[in-house]
**Q** 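Mind having a look at this structure? Questions to follow.
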Amino acid sequence: MGDDPERLYRLDGVAHIAGVINNEVAGLYHLARLNDRWFRLDEPLISAFVERWRPEMHTFHMPFGECTITLQDVAYQLGLPVDGRYVSGCLTDFQIYIQGDRPAWVWFQELLGVLPSANQIQKFAVNCTWFQETFGECSAGADEEIVRCFARAYIMMLLGIQLFADKSSNRIHIRWLPYVARLEEMGGYSWGSAALAWLYRCMCRVANRHVVKLAGPLQLLQSWIFWRFPGFRPAGYDEFSWPLASRWSGHNPSGSKKGPRVQMWRLGIDMLQAKDFIWMPYSSPDVLQVVHLEVLEPRHTALWQCVTALIYFTVVEWHQIDRVLPQFGGV
């Protein structure tokens, strides 16, 4: 979490329609819809939970035992595919994707139709404000190539700000160029496992007392808390929608008195019992009515209970589902 209490997880002023059209192909369609229904983070609540995170096990240690965010949670909360190729790559391999061995920034201009000025570039990242100002509106009469440029820019922002945000949250890395260059292939990647790997890594880092900022897909973390711990849910959000994290659309927790609120949440966690945790929160008829069936395909559900490595570029974290089998009805 950054220092700004007004930090929002929404990409304002982006060519949303152009992005959504192509995100249906890219496998990020549901995430794009969630981006249109943002909510604010309850930073004291997140802080209190992160204090319970143990990097060695990738689980939260609660009074009633261990629990954690799993691939099943990512699939239901964000609607992301968990089966597919791993999300990885290296800047030194860009020549594999660029015909004629051209520089990466030349390729950037070809894919997005414009090149940022030098003062908008920091090493291999571009300021978010430049993306927002440049791709804020796609004209109604734009041809197909221009629409694709706007879609590529939108997807880079969606990935760089919402799903794989770093601690600065104000720059977009050009590592995404090989992916947006082939929009039709993006649906073949395991975006869900990559997002979970990044969230695990970010929580492991902030477990170090010298680290004060938490990055990553924090919408996923907060929505998981609301679904698993009914006593911590905000009142008045009873409508079910897809992806499930969109249920909390418009949630606006207080940004004041953070210190006392952290202590309040700590006390609430200390008093938790097994009955306060929903072990199988996705089996209710209300959920089944809104869930999209592609999430329940065997190739995805078979991975939910796998002990496996989660990969996101240089980040490799273990999905230690064997420690939390009660979340799936096991022992």
Side-chain angles (χ1 to χ4, degrees), residues 27-28 30-31 46 49-62 64-89 159 162-166 186-208 214-229 243-245 277-283 287 291 294-331:
L28 301 170
H30 301 302
L31 183 67
I46 297 296
F49 265 83
V50 171
E51 290 175 357
R52 291 277 182 166
W53 180 257
R54 294 298 175 264
E56 305 85 0
M57 293 85 168
H58 290 153
T59 58
F60 296 99
H61 282 214
M62 298 295 183
F64 56 82
E66 296 179 67
C67 59
T68 196
I69 305 171
T70 69
L71 289 173
Q72 181 193 43
D73 295 306
V74 178
Y76 276 100
Q77 296 297 333
L78 301 183
L80 292 174
V82 298
D83 179 43
R85 291 174 287 175
Y86 57 85
V87 178
S88 187
L159 297 175
Q162 184 161 340
L163 204 57
F164 301 107
D166 59 16
M186 290 190 70
Y189 289 91
S190 178
W191 297 107
S193 65
L196 188 58
W198 183 233
L199 179 60
Y200 279 2
R201 176 59 60 90
C202 291
M203 289 195 292
C204 290
R205 284 175 177 172
V206 84
N208 185 326
L214 177 61
L218 301 183
Q219 276 185 325
L220 168 61
L221 174 57
Q222 181 164 292
S223 187
W224 176 83
I225 294 172
F226 290 162
W227 278 89
R228 293 284 184 176
F229 299 89
L244 296 186
F277 181 83
I278 298 183
W279 298 101
M280 301 178 67
Y282 308 124
S283 58
V287 173
V291 67
E294 70 266 17
V295 170
L296 304 179
E297 292 179 4
R299 64 189 181 95
H300 294 299
T301 58
L303 298 176
W304 290 352
Q305 299 187 45
C306 285
V307 177
T308 184
L310 306 172
I311 299 174
Y312 167 61
F313 288 93
T314 59
V315 174
V316 180
E317 300 287 351
W318 281 101
H319 186 242
Q320 295 180 266
I321 196 65
D322 54 325
R323 304 191 66 91
V324 292
L325 288 179
Q327 291 185 204
F328 294 89
V331 179

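Here the structure is a predicted model, which is why all the values come from computation and not from measurement.
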**Q** Under the 3.5 angstrom rule, does the side chain of H58 hit a backbone N or O of W318 as a donor-acceptor pair?
**A** yes
**Q** Is it true that, when you exclude F277 itself, more than 12 heavy atoms of the residues, nucleotides or ligands shown sit nearer than 6.0 Å to its CZ?
**A**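 More than 12 within 6.0 Å, yes.
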**Q** Please list all pairs passing the salt bridge (Lys or Arg N to Asp or Glu O under 4.0 Å) test where one or both residues lie in residues 319-331, with sequence neighbours left out.
**A** E66-R323
**Q** If the condition is salt bridge (Lys or Arg N to Asp or Glu O under 4.0 Å), which residues does E294 pass it with, not counting sequence neighbours?
**A** none
**Q** Under the salt bridge (Lys or Arg N to Asp or Glu O under 4.0 Å) criterion, do R54 and E56 qualify, and how do the steps go?
**A** CA-CA 6 Å; R54 294 298 175 264; E56 305 85 0; 5.6 Å; no
**Q** Of all heavy-atom pairs between V315 and A197, which one has the smallest distance, and what is that distance?
**A**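 Looks like CG1-O, 3.7 Å.
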**Q** Going through the distances and angles, do F229 and F60 end up as a ring-ring contact (aromatic ring centres under 6.0 Å, His included)?
**A** CA-CA 13 Å; F229 299 89; F60 296 99; 8.3 Å; no
**Q** Taking all heavy atoms of P281 and all of V287, pick out the closest pair and write down the distance.
**A** O-CG2, 4.0 Å
**Q** Under the side-chain contact (heavy atoms from CB on, under 4.5 Å) rule, collect the residues that match up with S223, sequence neighbours excluded.
**A**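 S223: side-chain contact (heavy atoms from CB on, under 4.5 Å) contacts with Q77, W227, A245, W248.
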**Q** Supply the atom-to-atom distance M57 CE to Q320 CD, rounded to the nearest 0.5 angstrom.
**A**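 Output value for this atom pair is 8.0 Å.
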**Q** Within a strict 4.5 Å, meaning less than it, do heavy atoms of the I46 and I225 side chains meet?
**A**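 A side-chain contact exists here, since the closest heavy-atom pair is under 4.5 Å.
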**Q** Please find the pair of heavy atoms, one from Q327 and one from T68, that lie closest to each other, and give the distance.
**A**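 Reported closest heavy-atom pair: OE1-N, 2.8 Å.
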**Q** What distance separates H30 NE2 from L80 CG, expressed to the nearest 0.5 Å?
**A**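 So the gap between those two atoms works out to 9.0 Å.
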**Q** Does T301 form a side chain to side chain contact (heavy atoms under 4.5 Å, CB included) with V82? I'd like the steps, not just the answer.
**A** CA-CA 9 Å; T301 58; V82 298; over 6 Å; no
**Q** With sequence neighbours left out, which residue pairs that include part of residues 196-205 fulfil the side-chain hydrogen bond (donor to acceptor under 3.5 Å, both in side chains) condition?
**A**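 Found R201-E317.
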**Q** Between A215 and A165, which heavy-atom pair has the shortest distance, and what is it?
**A** CB-O, 3.4 Å
**Q** Going by side chain to side chain contact (heavy atoms under 4.5 Å, CB included), H319 matches just one of V307, T70, L303. Which one?
**A** T70
**Q** Distance from W53 atom CH2 to C202 atom SG, nearest 0.5 Å?
**A**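 SG of C202 is found 11.0 Å from CH2 of W53.
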**Q** For H300 and D83, indicate whether the former's side chain and the latter's backbone hold a donor-acceptor pair under 3.5 Å.
**A** yes
**Q** First locate atom CD1 of I311, then atom OG of S190, and finally report the distance between them rounded to the nearest 0.5 Å.
**A** 9.5 Å
**Q** Which atom names give the shortest non-hydrogen contact between L221 and I69, and what distance separates them?
**A**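 Answer, listing the atom of L221 first, then I69: CD1-CD1, 3.6 Å.
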**Q** Which residues satisfy the ring pair (Phe, Tyr, Trp, His ring centres under 6.0 Å) test with Y282, sequence neighbours excluded?
**A** Y76
**Q** Kindly write out the residues that satisfy side-chain contact (heavy atoms from CB on, under 4.5 Å) with P326, not counting sequence neighbours, or none if the list is empty.
**A** W279
**Q** With rounding to the nearest 0.5 Å, note down the distance linking OG1 in T308 to CG in L71.
**A**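 Going from OG1 on T308 over to CG on L71, the span is 8.0 Å.
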**Q** I'd like to know whether L199 forms a side chain to side chain contact (heavy atoms under 4.5 Å, CB included) with V74, so could you lay out the CA-CA distance, the side-chain angles of the two residues, the decisive distance to 0.1 Å, and finally the verdict.
**A** CA-CA 11 Å; L199 179 60; V74 178; over 6 Å; no
**Q** Search all heavy atoms of D73 against all heavy atoms of R228 and return the closest pair with its distance.
**A**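 Between these two residues, the closest heavy atoms are OD1-NH2, 3.1 Å.
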**Q** Going by the rule side-chain contact (heavy atoms from CB on, under 4.5 Å), which residues pair with A302 if we only count those two or more places apart in sequence or in a different chain?
**A**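 A302: no side-chain contact (heavy atoms from CB on, under 4.5 Å) contacts found.
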**Q** Look up atom CG in L220 and atom CG in L163, then write down how far apart they are to the nearest 0.5 Å.
**A** 8.5 Å
**Q** For L159 and M186, what are the C-alpha separation, side-chain angles and deciding distance, and is it a side chain to side chain contact (heavy atoms under 4.5 Å, CB included)?
**A** CA-CA 12 Å; L159 297 175; M186 290 190 70; 4.2 Å; yes
**Q** Just to verify, what does V87 make a side-chain contact (heavy atoms from CB on, under 4.5 Å) with, not counting sequence neighbours?
**A** W176, Y179, Y189, W191, A194, Y312, F313
